[in-house]
Amino acid sequence: MAAESTKRILYALRSIPPGRTASYGAIAEAAGIPKGARQVVRILNSMGRSENLPWWRVLRKDGSIALPEGGGFELQKALLESENVEVDRSGRVDRQRFGWDFSL
DNA sequence: GCCATGGCTAGTA
DNA sequence: GCCATGGCTAGTA
């Protein structure tokens, strides 16, 4: 039985539309856990696949891809670009243009 | 004990 | 570089 906070994180994750991105911290905040960024990390790491979560739309607070090269970086970049999100060579996305605002 | 964070400090140039 | 944060969807029996 998943905890309420976990359900809220899942809900927040699934509410990010294609072509938009959000930071681990912002998702946690939207789920009512101000300092729960690592919960988001943990959830993505463990149930990202099985639960069909849009894990590639989650970035660090500065808009960069957290995954290392050879460890998912390339795939995440490709998935974002397939949704028309621009990612520069260093793996950075412009939050002003592609960041999702959960208060909408 | 684990985890793909994030914020803050220390020590060097 | 350090450390608070917080829920546990891993693999075996």
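A, B, ... follow the sequence lines: proteins, then strands. Residue 1 opens every chain.
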Roughly how many Å is it from [atom1] in [X] to [atom2] in [N], rounded to a whole number?
X      : N      : atom1 : atom2 : answer
R38(A) : dC2(B) : CZ    : P     : 11 Å
I9(A)  : dT5(C) : CD1   : C1'   : 11 Å
W55(A) : dA4(B) : CH2   : C1'   : 10 Å
L67(A) : dT5(B) : CG    : P     : 9 Å
E29(A) : dG6(C) : CD    : C1'   : 16 Å
E4(A)  : dG6(C) : CD    : C1'   : 15 Å

Next on the checklist: Could you tell me if the side chain of T6(A) sits less than 4.5 Å from the side chain of Q39(A), heavy atoms only?
Outcome noted: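 They are not in contact (no side-chain heavy atoms under 4.5 Å apart), so the answer is no.
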Checklist entry - Going by heavy atoms in the side chains, are L59(A) and L80(A) under 4.5 Å from each other? => result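 Heavy-atom side-chain distance check passes, below 4.5 Å.
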Next on the checklist: Ignoring hydrogens, what is the shortest heavy-atom contact between Y24(A) and A66(A)? Give both atom names and the distance.
Outcome noted: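 For Y24(A) versus A66(A), the nearest heavy atoms are OH-CB, 3.5 Å.
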Checklist entry - Looking only at heavy atoms, which two atoms of S15(A) and A12(A) are closest? And how far apart? => result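 Reported closest heavy-atom pair: OG-O, 2.7 Å.
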Checklist outcome for this item: Numerically ordered, the residues 71-90 of chain A set in heavy-atom contact under 4.0 Å with DNA chain B is none
Checklist entry - Which ones in residues 39-52 of chain A lie close to DNA chain B, meaning a heavy atom under 4.0 Å from one of its atoms? => result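 Per residue number, the list reads V41(A), R42(A), L44(A), N45(A).
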Item to check | Common cluster, Y11(A)/M47(A), ILVMFWY with side-chain heavy-atom separation under 4.5 Å | outcome: no
Checklist entry - With a 4.0 Å cut-off on heavy atoms, is L59(A) in touch with a base, just the backbone sugar-phosphate, or nothing at all? => result nothing
Next on the checklist: By the 4.0 Å heavy-atom rule, please label G25(A) as base, sugar-phosphate, or nothing.
Outcome noted: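 Touches sugar-phosphate only.
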Checklist entry - Out of dG7(C), dA4(B), dT5(B), which has the shortest distance to the side chain of A37(A)? => result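 Within the option list, the nearest is dT5(B).
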Item to check | Y24(A) side chain, from C-beta outward: closest of dT5(B), dC8(C), dT5(C) | outcome: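 Taking heavy atoms from C-beta onward, the closest nucleotide is dT5(B).
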Next on the checklist: Just checking R14(A): does its CZ atom have more than 12 heavy atoms from other residues, nucleotides or ligands closer to it than 6.0 angstrom?
Outcome noted: yes
Next on the checklist: Are there over 12 heavy-atom neighbours, none belonging to R20(A), within less than 6.0 Å of that residue's CZ?
Outcome noted: yes
Checklist entry - For DNA chain B, whose closest nucleotide is more 5', that of V58(A) or that of K61(A)? => result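 Comparing both residues, the 5'-ward one is V58(A).
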Checklist entry - How does DNA chain B read in dot-bracket, base by base from 5' to 3', with Watson-Crick or G-U pairs under 3.5 Å and | used when the partner is on another strand? => result |||.||||.....
Checklist outcome for this item: So OG of S23(A) and CZ of R95(A): to nearest 0.5 Å the spacing works out to 7.0 Å
Next on the checklist: Set out, in order, the CA-CA distance, both residues' side-chain angles and the distance that settles side chain to side chain contact (heavy atoms under 4.5 Å, CB included) for R42(A) and R38(A), then state yes or no.
Outcome noted: CA-CA 6 Å; R42(A) 211 202 110 274; R38(A) 301 218 71 169; over 6 Å; no
Next on the checklist: OP1 or OP2 of dG7(C) versus the side-chain N and O atoms of T6(A): is any pair under 4.0 Å?
Outcome noted: no
Checklist entry - Taking the C1' atom of each, how far is dG6(B) from dT9(C), in whole Å? => result 25 Å
Checklist entry - Expressed as a whole number of Å, how far does the C1' atom of dT5(B) sit from that of dA10(C)? => result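 Per the computed distance, 23 Å lies between those C1' atoms.
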Item to check | From CA spacing to verdict: side chain to side chain contact (heavy atoms under 4.5 Å, CB included), L13(A), W55(A) | outcome: CA-CA 8 Å; L13(A) 276 167; W55(A) 60 269; over 6 Å; no
Checklist entry - Between K77(A) and E74(A), does at least one N-O distance fall below 4.0 Å, as a salt bridge requires? => result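 No, no charged N to carboxylate O under 4.0 Å.
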Item to check | Worked verdict on W100(A) versus R57(A) for side chain to side chain contact (heavy atoms under 4.5 Å, CB included) | outcome: CA-CA 10 Å; W100(A) 177 243; R57(A) 308 212 262 251; over 6 Å; no
